[in-house]
Visitor: 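My questions all concern the structure below.
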Amino acid sequence: MKYYIGIDLGGTNIVAGVVNEAYEILAKASVKTNLPRPEQEIAADMAKVAKEAAEKAGLTMDQIEWVGIGTPGIANSETGIIEYSNNLGFVNTPMVKYMEDALGKKAFIENDANAAAYGEYVAGAAKGAKNAVCITLGTGVGGGIVIDGKIYSGSNFGGAEIGHTVISVDGPQCTCGRKGCFEVYSSATGLIRMTKEALAEHPDSMMKEEEHISGRTAFNYMRKGDAAAKEVVDKYIKYLAAGITNTLNIFQPDVLCIGGGVCNEGDPLLLPMKEIVARENYTRNSKKNAEIVIAKLGNDAGIIGAAFLGNAQ
């Protein structure tokens, strides 16, 4: 049996997991990222949790094949350098060198959304596909593309930013600098914004009972029969379907999987969205169309994907 370590470097937590060749996570270790602080300190903690995870799994580092890292930002998989990560405050950080020096193992690095997509590709909702696209609906809208078993990240390692394709040219401002991005409408943040806007327009809505508006609010109150909440849900699904259809029209993968907390809504989200996509997809008359599925691995996708980056590049 072969063993690998995947590290999910996040803005809040650093999590390392030991994964075997059957894609099973044997043990995990984690530490707070504690931003902002020097990159060398973060690298030292990454090495520390990697060793802790191996120890919890009853293994030595000598038994680990390699270490993979998923990180926010632009990660150059050829040089091992995180060229830029606004969340972490990194500019041209040689993270692979840090890890190889600290652990004595070969290391690989990728953008975290790409790593999560690869995890779903090898062990999750896209397993068995030749080509797959994964979209994560979280604070933003993340994207990952796998073509013929290889992660596609573009010629400058900044590819797969599906969330920053535009749905409406004059739409709300996005943090990337553009207006009307897919992310502005289809992230959990966008859903919360639209819910608050609807509540301002409809002060008598039952949603006023909610102390803290969340991504679940509109769906919860739609089920209670609230008209304003249903309006929000319908609008959200319309924009989500537009972004997914755009993505399908470019890539036409075997599988498109979507993840993130919003997907926990299940059929009330998925079924009407699929109806719109089936109607608007350019290949709607073709015998074969992409299967749209919910991601399976949750937060483990990034760890599993990172662990197998040595096969993806």
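Please read all numbers here as calculations on a predicted model, not as lab measurements.
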Visitor: In plain terms, say whether Glu197 and Arg193 are close enough for a salt bridge, that is, a side-chain N and a carboxylate O under 4.0 Å apart.
Guide: yes

Visitor: Out of curiosity, does Met46 fall in the hydrophobic cluster containing Tyr4 (side-chain heavy atoms, cut-off under 4.5 Å, transitive links)?
Guide: no

Visitor: Here's one to test your reading of the geometry: is the NZ or CZ of Lys235 within 45 degrees of the ring axis of Tyr239 and under 6.0 Å from its centre?
Guide: no

Visitor: Taking the side chain from Glu100 and the backbone from Lys106, do they hold a donor-acceptor pair closer than 3.5 Å?
Guide: no

Visitor: Is the side chain of Ser187 donor-acceptor paired with the backbone N or O of Gly190 at a distance under 3.5 Å, no angle test?
Guide: yes

Visitor: Please determine whether the number of non-hydrogen atoms from other residues, nucleotides or ligands lying under 6.0 Å from atom CG of Asn156 exceeds 12.
Guide: yes

Visitor: Is it true that Asp234 and Lys238 have a side-chain N and a carboxylate O under 4.0 angstrom from each other?
Guide: no

Visitor: In terms of heavy-atom contacts, does CG of Asn299 have more than 12 from other residues, nucleotides or ligands at under 6.0 Å?
Guide: no

Visitor: Kindly say whether Thr60 contributes a backbone atom to a donor-acceptor pair with the side chain of Gln63 at under 3.5 angstrom?
Guide: yes

Visitor: Using a 3.5 Å distance criterion without hydrogens, assess whether the side chain of Thr136 forms a donor-acceptor pair with backbone atoms of Gly138.
Guide: no

Visitor: Taking Ser168 for the side chain and Gly180 for the main chain, is one N or O donor matched with an acceptor at less than 3.5 Å?
Guide: no

Visitor: Between Tyr221 and Glu210, does any side-chain donor sit less than 3.5 Å from a side-chain acceptor?
Guide: yes

Visitor: Find out whether Asn264 and Arg216 are in side-chain contact, i.e. whether some heavy atom of one side chain is under 4.5 Å from a heavy atom of the other.
Guide: no

Visitor: Which value, rounded to the nearest 0.5 Å, describes the distance between Ile109 atom CD1 and Ile81 atom CD1?
Guide: 9.5 Å

Visitor: Just verifying a value: how many Å separate Ile162 CD1 and Ile135 CD1, rounded to the nearest 0.5 Å?
Guide: 4.5 Å

Visitor: Can you check whether Glu65's main-chain N or O pairs, donor with acceptor, with Lys105's side chain at less than 3.5 Å?
Guide: no

Visitor: Start with the C-alpha gap between Asp267 and Lys274, add the side-chain angles, then the distance that decides, and say whether salt bridge (Lys or Arg N to Asp or Glu O under 4.0 Å) holds.
Guide: CA-CA 10 Å; Asp267 285 350; Lys274 282 185 173 182; over 6 Å; no

Visitor: Determine which pairs satisfy salt bridge (charged side-chain N to carboxylate O under 4.0 Å, His left out) with at least one residue from residues 277-303, sequence neighbours left out, and list them in order.
Guide: Lys28-Asp300, Asp254-Lys288

Visitor: Quickly, which of Val19, Val18, Leu297 forms a side-chain contact (heavy atoms from CB on, under 4.5 Å) with Ile303? Name it, please.
Guide: Val19

Visitor: Atom CH2 of Trp66 and atom OH of Tyr3: how far apart are they, to the nearest 0.5 Å?
Guide: 15.0 Å

Visitor: For a side-chain contact (heavy atoms from CB on, under 4.5 Å) check, start with the C-alpha distance between Ile151 and Leu309, then their side-chain angles and the critical distance, and finish with the verdict.
Guide: CA-CA 9 Å; Ile151 293 171; Leu309 285 178; 3.7 Å; yes

Visitor: Using the rule that two of Ile, Leu, Val, Met, Phe, Trp, Tyr join whenever any of their side-chain heavy atoms come within less than 4.5 Å, decide whether Tyr98 and Ile5 are in one cluster.
Guide: yes

Visitor: If we count only N and O atoms by modelled type, under 3.5 Å, do the side chains of Glu83 and Asn92 hold a donor and an acceptor together?
Guide: no

Visitor: Surrounding NZ of Lys179 (heavy atoms of other residues, nucleotides or ligands, distance under 6.0 Å), is the total greater than 12?
Guide: no

Visitor: Would the number of heavy atoms belonging to other residues, nucleotides or ligands and lying under 6.0 Å from CD of Gln173 be above 12?
Guide: yes

Visitor: Does this structure show an ion pair linking Asp226 with Lys230, if we count only N-O contacts that are shorter than 4.0 Å?
Guide: no

Visitor: Following the transitive rule for hydrophobic clusters with a side-chain heavy-atom cut-off under 4.5 Å over Ile, Leu, Val, Met, Phe, Trp and Tyr, establish whether Leu59 and Val49 coincide in one cluster.
Guide: yes

Visitor: Working to the nearest 0.5 Å, report the span between OH of Tyr121 and SG of Cys257.
Guide: 12.0 Å

Visitor: My understanding is that only residues two or more places apart in sequence, or in another chain, count here; which of them pass side-chain contact (heavy atoms from CB on, under 4.5 Å) with Ser85?
Guide: Pro72, Ile82, Asn87, Leu88, Phe90

Visitor: When you look at Asn13 and Val31, which way does the side-chain contact (heavy atoms from CB on, under 4.5 Å) test go after all the steps?
Guide: CA-CA 6 Å; Asn13 297 300; Val31 67; over 6 Å; no

Visitor: Taking side chain as C-beta onward, heavy atoms only, is Asn111 less than 4.5 Å from Thr71?
Guide: no

Visitor: Are Phe108 and Ile64 connected, step by step, through hydrophobic side chains (Ile, Leu, Val, Met, Phe, Trp, Tyr) whose heavy atoms are closer than 4.5 Å?
Guide: no

Visitor: Look at the side chain of Thr33 and the backbone N and O of Leu35, then say whether any donor-acceptor pair between them is shorter than 3.5 Å.
Guide: no

Visitor: Go through the steps for Asn281 and Gln252 under the test side chain to side chain donor-acceptor pair (under 3.5 Å), then give the verdict.
Guide: CA-CA 10 Å; Asn281 186 4; Gln252 295 298 345; 3.3 Å; yes

Visitor: In chain order, what residues pass the salt bridge (charged side-chain N to carboxylate O under 4.0 Å, His left out) check against Lys130, with sequence neighbours excluded?
Guide: Asp148

Visitor: Please answer: with hydrophobic residues joined when any side-chain heavy atoms are less than 4.5 Å apart, are Val146 and Leu248 in the same cluster?
Guide: no

Visitor: Just by modelled atom types, is the Thr165 backbone N or O under 3.5 Å from a matching donor or acceptor in the Asn246 side chain?
Guide: no

Visitor: Roughly how far apart are Ile145 CD1 and Asn114 CG, rounded to 0.5 Å?
Guide: 7.5 Å

Visitor: Would you say Val122 and Lys127 make side-chain contact, with heavy atoms under 4.5 Å?
Guide: no

Visitor: Output the distance between atom OH (Tyr236) and atom CE (Met194), rounded to the nearest 0.5 Å.
Guide: 7.0 Å

